[in-house]
Number of protein chains: 2
Amino acid sequence: MIQPLRRSRPRLPAAERRRQIIDVTTRLIAERGFWGLSMQDVADGCGLTVPGLLHHVGSKDGLLLAVLDYRDEQDARALVAELGDAATVTPREICAALVRRNAGQPEIVRLFAVLEAESLTPDHPAHDYFEARQRRTLEGLTAALKEHTAEPEAVAVRIVALMDGLQIQWLRNPGEVDLVAQWEAAAAMLFADAG
Amino acid sequence: MIQPLRRSRPRLPAAERRRQIIDVTTRLIAERGFWGLSMQDVADGCGLTVPGLLHHVGSKDGLLLAVLDYRDEQDARALVAELGDAATVTPREICAALVRRNAGQPEIVRLFAVLEAESLTPDHPAHDYFEARQRRTLEGLTAALKEHTAEPEAVAVRIVALMDGLQIQWLRNPGEVDLVAQWEAAAAMLFADAG
DNA sequence: GTCTATAGGACGATAGAC
DNA sequence: GTCTATCGTCCTATAGAC
């Protein structure tokens with residue numbers, strides 16, 4: 001009568017489990033930020049216990065970094081798919097594509113909006129990530145704008161600022177603010193002298 | 001030998017103590033957000049125990065609302081002092097005054113930046129406050145723009161978005177981004193057709 | 001107005017079995 | 001790969017003395 005009975009629970013392969021963990025965590029951080037995130041909630045959302053969750057990500061900080069790494073990878077993939085890696089695309093087209101993509105995934109946008117603000121303080125585990133991300137974005141955009149305007153750096157700052165600001169208003173009131181339309185209208189002035 | 005010995009500790013009057021609590025809390029929320037705020041840290045910063053702190057604010061939510069109420073009061077006072085309540089002031093001047101004031105108090109700006117993002121979720125204790133605040137701001141600005149542009153509402157959205165976005169970049173890199181200068185330059189395009 | 005004492009959880013993380 | 005059990009810490013809040 002001794003039952004061999006191994007594995008009454010699913011025991012997903014590590015890669016799939018990791019993917020599930022990242023999905024759940026993305027949703028929860030968007031709702032509550034990193035400081036408001038609890039490992040218990042993530043574990044529950046995955047049908048795991050907390051030690052089970054920690055087996056995959058090591059620590060709470062590790063969990064956050066896993067989410068950000070995954071986003072980088074996805075974003076890079078998506079942008080190449082949409083635009084090709086062509087050098088013929090204008091900065092304005094790049095921005096428009098980005099806004100269109102963001103308009104379709106409010107959860108991700110919220111993830112970044114919350115973490116961007118939270119991580120302003122130097123002891124936030126994503127502080128360095130967001131500092132590097134902002135520098136990379138501004139440098140890339142500045143370079144792309146060089147041949148189109150006299151003040152590429154200042155224009156780049158304005159573009160990023162406007163995108164971030166519009167996203168916040170859109171997230172707070174998705175029904176009333178049309179992200180893509182607002183951006184197109186705003187872009188008309190921003191790119192008045194640029195391409 | 002029986003000592004009457006009452007009050008070995010300061011025992012500040014309630015109003016002063018409340019003011020101190022709000023100051024300390026403002027700094028801590030700017031650093032960690034509301035979810036990351038601990039009553040213990042606030043109490044320590046005031047030289048109080050946690051129950052002593054709770055005596056003044058009732059609960060953690062009450063503490064947050066006290067901070068926001070106080071900010072509303074201060075901001076209204078400051079804006080009237082700077083501009084008078086005159087109807088002769090243009091929207092552009094109002095915005096410029098606001099940006100100049102913000103440039104001098106990064107801690108307060110950070111408080112709002114963090115709470116604005118955190119409070120996107122409906123169960124955040126400041127959710128309603130920020131929703132009302134955004135609506136009030138947009139309506140006021142839209143009204144002020146009515147005589148200056150054909151699309152006052154859309155321009156108002158852009159103005160708010162740009163101010164919020166510039167502030168984030170400035171907060172992350174105060175040395176490299178000059179908030180006032182960036183705003184002046186951006187305002188030149190935003191108000192191209194408006195006053 | 002502030003304290004001590006304490007209730008009653010939730011937290012992140014580790015050890016070790018299976 | 002996932003579990004149970006547990007550690008030690010932190011958390012908000014209440015009761016009641018002074």
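Letters go in sequence order (proteins before strands), and every chain restarts at 1. All values derive from a computational prediction rather than experimental measurement.
Although no hydrogens or angles enter the test, the distance criterion places a donor-acceptor pair under 3.5 Å between the side chain of Glu118(A) and the main chain of Phe34(A).
Ring geometry for Trp183(B) versus Phe191(B): interplanar angle over 60°, hence perpendicular rather than tilted (30 to 60°). By the 30° and 60° cut-offs, the orientation of the rings of Phe112(B) relative to Phe130(B) is perpendicular.
Contacts of residues 24-42 of chain A with DNA chain C (heavy atom under 4.0 Å): Leu37(A), Ser38(A), Met39(A), Gln40(A).
Pairing each heavy atom of Asp123(A) with each of Trp35(A), the nearest pair is O-CH2, 4.3 Å.
Arg17(A) has a side-chain polar atom (N or O) that falls below the 4.0 Å cut-off from OP1 or OP2 of dT2(D). For His55(B) and dT2(C), the shortest distance from a side-chain N or O to OP1 or OP2 is not below 4.0 Å.
The listed nucleotides are dA13(C), dG1(C), dT2(D); the one nearest the side chain of Ala14(B) is dG1(C). The listed nucleotides are dG1(C), dA13(D), dT2(D); the one nearest the side chain of Arg11(A) is dT2(D). Of all nucleotides listed (dT14(D), dC3(D), dT12(D)), dT12(D) comes nearest to the side chain of Lys60(B). Counting only heavy atoms from C-beta on, His56(A) has its side chain closest to dG1(D) among dG1(D), dT4(C), dA13(D). Considering only side-chain atoms of Pro51(A), the nucleotide from dT14(C), dT2(C), dA5(C) that sits closest is dT14(C).
With hydrogens and angles left out, the side-chain atoms of Gln169(B) and Arg172(B) include no donor and acceptor closer than 3.5 Å.
Separating the CD1 atom of Ile21(B) from the P atom of dG1(C) is a distance of 11 Å, rounded to the nearest angstrom.
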